Amino acid sequence: MNYNFNEIEAKWQKYWAENQTFKASNSSDKPKYYVLDMFPYPSGAGLHVGHPLGYIASDIYARYKRHKGFNVLHPQGYDSFGLPAEQYAIQTGQHPAITTKDNIARYREQLDKIGFSFDWSREVRTSNPEYYKWTQWIFIQLFESWYDLEADKSRPVSELQEIFAAEGNTRIKAACDDDVEDFSAEVWNKFSSEEKQRILLKYRLTYLAETEVNWCPQLGTVLANDEIVNGVSERGGYPVIRKKMTQWSMRISAFAERLLKGLEDIDWTESLKESQRNWIGKSVGAHVDFKIQGTDHKVGVFTTRPDTIFGVTFMTLAPEHELVKEITTDAQKEEVEAYIEATAKRSERERMADVKTISGAFTGAYAEHPFTKEPVPIWIGDYVLAGYGTGAVMAVPCGDQRDYDFAKHFEIPIKDIFENADISEEAHSGKEGTVIANSDFLNGLEYKEALQKAILKLEEIGAGYGKTNYRLRDAVFSRQRYWGEPFPVYYVNGLPQMIDLEHLPLHLPEVEKYLPTETGEPPLGNATDWAWDTAANKVVSNDKIDDETVFPLELNTMPGWAGSSWYLFRYMDAGNGDVFASEEALDYWENVDLYIGGSEHATGHLLYSRFWTKFLKDRGHLKVEEPFKKLINQGMILGTSAFVYRLEGENKFVSKSLIDGESVQPIHAPVAFVNSSDELDVEAFKNWRPEFKDAEFITEEGGAYVVGREVEKMSKSKYNVVNPDDICEDFGADTLRMYEMFLGPIDQAKPWNTAGITGVHSFLKKLWKLYIKNDQFEVSEEKASADSLKTLHKTIKKVTEDIENFSFNTSVSTFMICVNELNAQKCNSREVLELLAVLIAPYAPHIAEELWSKLGHSESISTASYPEFEEKFLVESTKNYPISFNGKMRFTMELPMDMSKDEIEKTVMADERTQKQLDRRTPKKVIVVPGKIVNIVG
RNA sequence: GCCUUGGUGGCGGAAUUGGUAGACGCGCUGGAUUCAAAAUCCAGUUUCUUCGGAAGUGUGGGUUCGAUUCCCACCCAAGGUACCA
């Protein structure tokens with residue numbers, strides 16, 4: 001009667017699949033509970049032991065909730081568009097769809113072996129046309145919407161047109177581009193259709209705009225920051241420059257305030273909310289316009305400190321600022337142009353991170369101070385970013401450290417506008433208690449008053465107004481890639497037109513090559529059939545383009561976050577062909593009750609999906625304001641890489657401890673070749689690659705070659721990947737599940753080390769043995785002992801609390817303690833063991849099912865209800881008091897629970913160990929906390 | 001640089017509201033069993049020690065009868081930093 005985990009696990013996995021045990025129904029008398037894992041990208045390397053960490057945690061919770069009587073939705077699917085499959089296609093020519101399909105098949109096989117309780121009938125893949133049809137549809141909804149700042153919600157563009165026709169655009173408050181001009185209803189009605197479209201584009205929630213990208217001329221493509229290493233492309237090492245490009249953007253900034261406020265009502269960790277708050281970056285201040293002398297231009301700046309406006313001694317513009325070229329004087333032209341070119345080579349991140357090097361150039365132009373009318377020199381500097389605020393700052397060196405450093409460096413005057421502030425060494429950036437001086441009408445005012453008054457005066461003279469600024473920028477939505485959702489967009493005279501829902505999905509076209517075209521167009525530019533026939537409503541050959549009825553289609557594709565911003569709703573009604581999800585399904589499931597995933601998504605995916613949810617709600621497609629009610633972060637599982645050390649220039653490897661000052665080159669060795677004592681299987685290593693076939697090994701005395709170890713991200717290229725399949729094969733899925741939980745707190749990163757897995761495995765063997773008597777499966781029907789009941793209920797209490805707190809590592813320890821105790825008590829009672837099987841079922845479902853069926857049940861253990869904790873089994877009559885001296889515990893004393901404070905003190909003081917510790921000293925004070933501790937001071 | 005998280009034995013980690021630091025597991029040491037090994041079981045395992053004790057939770061301060069826990073400053077590591085997912 002051994003614990004044959006391979007047999008048991010295969011049996012129950014088959015049972016669950018055949019009986020659709022975990023299929024969720026969209027209607028039930030039970031309360032609903034929706035548990036979701038962050039969308040996996042099916043990578044070519046397959047699943048490694050780090051991936052399932054969060055899935056195991058959510059599966060435990062989902063199974064726990066089922067025992068607790070909930071109708072649980074726990075689906076899974078794939079975020080299957082993405083760059084890696086495209087890179088692979090570029091290298092090998094294999095279509096990304098094929099790669100993706102294979103990868104998904106492998107993922108599924110691996111996931112199935114771990115025994116997850118997923119409802120696979122609801123699987124979705126973002127790269128399936130049936131799925132991306134709805135992603136395209138959402139894009140169209142965004143295009144057909146604008147944001148009404150007064151009503152604080154998105155509204156249809158048709159309504160905006162009605163407003164324009166009736167009253168022009170001067171009265172409405174809408175989120176729009178900065179450069180819209182005022183027009184009356186009369187003017188609007190006289191505009192041509194094209195002019196109207198151009199203006200409406202400035203209001204739409206998704207719009208075309210010029211944005212900066214990392215352009216690599218040699219590769220002819222745009223690169224992700226990720227693909228740039230030290231300023232050059234990762235592939236090939238070519239230079240990368242910043243370049244402007246017309247792209248689709250999402251007006252997420254319109255939602256900034258709601259995204260910020262919404263954080264108050266969701267159960268996410270404070271740190272995650274803080275990250276989003278910082279990302280949104282709300283700041284209250286003023287917009288100030290500075291006239292540029294000798295021109296009609298003005299430069300707008302945003303400042304949080306309008307109270308310091310009299311301290312302005314220069315202005316700094318981002319080198320990319322649109323006015324730079326126009327205002328630069330001939331004398332400064334050369335210097336400015338050289339500086340702009342140098343800046344274009346630096347990434348935004350570099351510019352933000354580098355605060356040590358101060359650089360800039362004088363444009364030769366002067367602005368006019370709005371109050372003093374004094375000339376203010378205009379500089380450019382790369383510490384000002386173009387996409388940030390207005391891309392220009394009014395520099396107040398006495399009150400801002402970066403301005404101060406810049407002024408010192410370029411010997412620009414620093415004007416002191418504070419009472420009693422020392423600005424000889426650094427800027428005075430404090431606000432509280434600061435009194436303004438040397439500032440005309442602001443003199444003698446304290447920060448807060450000065451701020452108000454400055455804004456008031458700016459408004460009076462028409463040079464500015466109070467403004468709230470957000471750091472959050474509109475999100476660029478175009479990608480110059482092949483493997484993404486095509487935009488349902490064609491162009492008539494350069495103006496974007498949407499394809500009707502009834503003709504969607506617009507399928508991704510076939511191309512010969514996945515690279516950009518020779519003329520630098522995105523990969524879809526290689527497609528020969530990529531034109532839209534508006535008469536036939538279908539995709540036709542490019543030669544048919546006549547700009548009469550056949551028009552060119554958009555060549556960009558959507559980014560990775562398009563499909564993942566709304567997938568949670570698709571699971572509610574995955575197969576629906578008429579709508580993205582039916583109203584009934586959406587009403588029933590509402591939103592995700594528990595979401596588990598990595599904190600690396602804090603400001604990307606988690607913000608975008610909140611944005612789309614709010615938008616879809618505004619337009620009446622959803623009833624919920626937030627997608628994820630509760631969110632738990634999962635930490636990364638790191639790999640423990642192994643290194644062998646090759647002597648420089650030789651094919652000779654030295655064991656780690658024998659390296660003695662020689663110059664060695666560390667090389668990653670596959671972790672599979674290394675045992676738990678860090679010894680390398682030299683033969684396996686030699687056979688691994690031809691270049692090592694004849695290598696020599698300088699070993700330790702016993703003949704072993706010892707490798708070096710280092711904790712790094714788990715990745716194929718580091719040869720430190722540990723595969724869950726192997727673990728399932730050798731120890732079983734239940735062991736893997738419990739071991740991953742046992743490793744440490746779910747939210748913390750931790751290194752994977754297989755060494756400890758035997759402990760968890762032998763725990764399961766011990767658990768199994770509790771149900772075995774005389775080598776037979778047998779449990780006693782007799783009453784359990786008081787000790788055993790106490791053990792059981794202690795465990796129920798702790799494990800339940802732990803699950804509710806997502807402290808899975810401690811509950812595994814608790815199970816171990818429980819089994820150790822029951823073992824010592826020789827407990828074999830059904831009364832205890834039956835409940836224990838249910839208790840452990842969420843963690844180790846296979847063994848629990850097997851035990852449950854052997855206990856005589858015919859239904860799956862997932863239908864059993866969760867054990868109830870009963871306090872009465874845990875009542876204690878005594879407490880083992882720690883007796884400490886000056887806070888240090890020296891010995892313990894067993895005393896009755898109901899003993900009074902005075903009695904405790906008397907008993908403790910009378911004890912000879914106390915007298916020995918005191919060594920004839922008289923204690924100054926004795927602190928007694930009944931039920932807790934005794935501390936003797938002195 | 002900025003934002004977020006973390007730092008406790010040889011290792012992963014535990015420690016309700018400030019109240020016995022090191023639970024549980026690995027590893028290691030010794031023993032039992034075995035022809036032997038695996039497996040299993042038992043005992044020990046923070047460090048130093050003059051064997052009385054003493055020190056100890058990244059570093060340095062502070063609050064407190066008492067700090068891994070609270071406060072201040074610093075050091076180190078990981079994640080994010082807007083086109084990796």
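Not measured: the values here are computed from a predicted model. Proteins come first, then strands; the chains are lettered A, B, ... in the order of their sequence lines, and each starts at number 1.
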Legend entry - Partner of A:H761 by ring pair (Phe, Tyr, Trp, His ring centres under 6.0 Å), out of A:W768, A:F742, A:F5: A:F5
Legend entry - Torsion-based syn/anti label for B:G52, 90° from 0 as limit: syn
Legend entry - N-glycosidic conformation, B:G9 - syn within 90 degrees of 0, else anti: syn
Consider the side chain of [X], meaning its heavy atoms from C-beta on, and name the nucleotide among [options] that approaches it most closely.
X: A:S271; options: B:C26, B:U4, B:G1; result: B:U4
X: A:N278; options: B:U4, B:A82, B:G13; result: B:U4
X: A:A755; options: B:C26, B:C3, B:G80; result: B:C26
X: A:V937; options: B:C83, B:C65, B:C26; result: B:C65
X: A:I933; options: B:U20, B:C24, B:C84; result: B:U20
X: A:N935; options: B:A21, B:U17, B:G66; result: B:G66
X: A:M889; options: B:A39, B:G13, B:A21; result: B:A21
X: A:F742; options: B:G79, B:G25, B:C3; result: B:G25

Could I get a table of every N or O pair under 3.5 Å where one atom is in the protein and the other is in nucleotides 49-58 of chain B?
residue : atom : partner : partner atom : Å
B:G56   : N7   : A:K888  : NZ           : 3.1

Legend entry - No-hydrogen, no-angle side-chain donor-acceptor test under 3.5 Å, A:Y388 and A:N469: no
Inset, instruction - For RNA chain B, list all stems, counting runs of three or more consecutive pairs where every pair is Watson-Crick or G-U wobble with both distances under 3.5 Å. - result: B:1-7 with B:75-81, B:10-12 with B:24-26, B:27-32 with B:40-45, B:46-48 with B:53-55, B:58-62 with B:70-74
Legend entry - Within the 6.0 Å centroid threshold, strictly below: A:Y739 and A:F731: no
Legend entry - Pair A:F39 and A:W561, ring centroids less than 6.0 Å apart: no
Inset, instruction - Classify the ring geometry between A:F763 and A:F815 as parallel (under 30°), tilted (30 to 60°) or perpendicular (over 60°). - result: tilted
Inset, instruction - Name the orientation class of the two ring planes belonging to A:F81 and A:W483 (parallel below 30°, tilted from 30 to 60°, perpendicular beyond 60°). - result: perpendicular
Legend entry - Side-chain-base donor-acceptor pair under 3.5 Å for A:Q480 and B:C83: yes
Inset, instruction - Kindly say whether, by distance alone, the side chain of A:Q247 makes a donor-acceptor pair under 3.5 Å with the base of B:C83? - result: yes
Inset, instruction - With heavy atoms under 4.0 Å as the rule, sort A:W561 into base, sugar-phosphate or nothing. - result: nothing
Inset, instruction - Assign A:V355 to base, sugar-phosphate, or nothing according to its heavy-atom contacts below 4.0 angstrom with the strands shown. - result: sugar-phosphate
Legend entry - Minimal non-hydrogen separation, A:A57 against A:I746, with atom names: CB-CD1, 3.4 Å
